[in-house]
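Shown next, in structure tokens, is the structure this report addresses.
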Number of protein chains: 2
Amino acid sequence: MTSGFFSKHRPTILYGISLALLLFLLKWLELRFLIINHVIEIYVGAIAVIFTGLGIWLAMKLMKPKVETVIVEKEVHVFSDGSFTFNAQEAHILGLSKRELEVLQLIAEGMSNQEIATRLFVSLNTIKTHSSRLFEKMEVKSRMQAMEKGKRLGLIP
Amino acid sequence: MTSGFFSKHRPTILYGISLALLLFLLKWLELRFLIINHVIEIYVGAIAVIFTGLGIWLAMKLMKPKVETVIVEKEVHVFSDGSFTFNAQEAHILGLSKRELEVLQLIAEGMSNQEIATRLFVSLNTIKTHSSRLFEKMEVKSRMQAMEKGKRLGLIP
DNA sequence: GCCAAAATCACCCGAAAGTATGAATAGGAT
DNA sequence: ATCCTATTCATACTTTCGGGTGATTTTGGC
């Protein structure tokens, strides 16, 4: 069927193809002339584009990054549970010493003064002194309240 | 003296001036030819410089300023975890009575036996009995450990 | 009504916790 | 060098806690 159609209209098809090729050639030549006639403009345009890019690259490479400082006040809800992060600021405000914090931690683990003393290789009296000063600074009256407040303030897990 | 010198050497001077002018003209023509001969290069160079500048300007104008966000954490201490769900099953397993749970809660708030007794309108001895039975059932030896275990088991917030 | 569990209270005792005071030593800041 | 703080320890005393025993009353289920 296809070959029959082709053999019947062979001259027409050939003519059509020739015409199309000619038109294509003409268009191509036109484009060539266009390019040749405007080669300077195209060259300059390319240069412009390239050097604009270079300028941008240079600016990005050499320019100090503009830093805009935004201060955001973020409210942090501190829960007694969950992931624990030590609140050094609060500890500093209360004026707790390293040793006092250590004692507070062991108190919060439910250890007795005697156990804490043994753990830290000091005498019972020392732990009593530490805990007393701890309660003073934390403004509490017992180890239970110290534990409560300590957890609330993020001093202990 | 100057006028005598000038009148004496007038031809020489004129010749010198003429020569100088001619040389100057030649140099100027040379420069002109140089410019004319390299007008394309100069044009392209100018374009390059201009568009490099444009690129830099563009980059400066359009570049997003690097935003440095400083987050100041404002701490909000939350007393009780809002998502506390009482573990009734655990309480039943341990066989804790209503009153014992009440005492446990107040113990966990850091109250002394005397304070708890006053709060619940009962005598100190009663609270002692309750807490003793509580410690037995919870298999702990002190109110501190009861608080610890109670929080772990979801008996108290 | 009866029984068991829960809740209440009392007394005593030893251990632990907490208070008060004093003091020695070490390390850091002025 | 001097002062201050942290750390250590001691002694003495008071209060609180925890355990043991016993008793009475209330409550809820059978």
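Residue numbering restarts at 1 for every chain, and letters A, B, ... go by the order of the sequence lines.
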Next item on the list: Scan nucleotides 7-21 of chain C nucleotide by nucleotide, 5' to 3', and note B when protein non-hydrogen atoms come under 4.0 Å of the base, S if they reach only the sugar-phosphate, - if neither.
Entry: SBBBBB----BBB--
Note to self: Using a 4.0 Å cut-off to any heavy atom of chain B, which nucleotides of DNA chain D are the first and last in contact, reading 5' to 3'?
What the structure shows: D/dC17 to D/dG19
Item checked: Side-chain donor-acceptor contact under 3.5 Å, A/T118 with A/E115 -> no
Margin query: Out of the candidates B/Q105, B/K137, B/H130, only one should pair with B/E100 under the side chain to side chain donor-acceptor pair (under 3.5 Å) rule; please name it.
Written below: B/K137
Next item on the list: Please determine, by modelled atom types, if A/T129 and A/T126 share a side-chain donor-acceptor pair under 3.5 angstrom.
Entry: no
Next item on the list: Could you tell me which non-hydrogen atom of B/S131 sits nearest to which non-hydrogen atom of B/I107, and how far apart they are?
Entry: CB-CD1, 4.3 Å
Notebook entry, point to check: Out of curiosity, B/L153 CG to B/K151 NZ, how far, rounded to the nearest 0.5 Å?
Noted result: 13.0 Å
Notebook entry, point to check: Minimum heavy-atom separation for A/G110 to B/S142, with atom names?
Noted result: O-OG, 4.4 Å
Margin query: Determine whether A/R99 and A/E102 satisfy the following criterion, salt bridge (Lys or Arg N to Asp or Glu O under 4.0 Å), listing intermediate values before the conclusion.
Written below: CA-CA 5 Å; A/R99 207 54 160 173; A/E102 233 174 325; 3.1 Å; yes
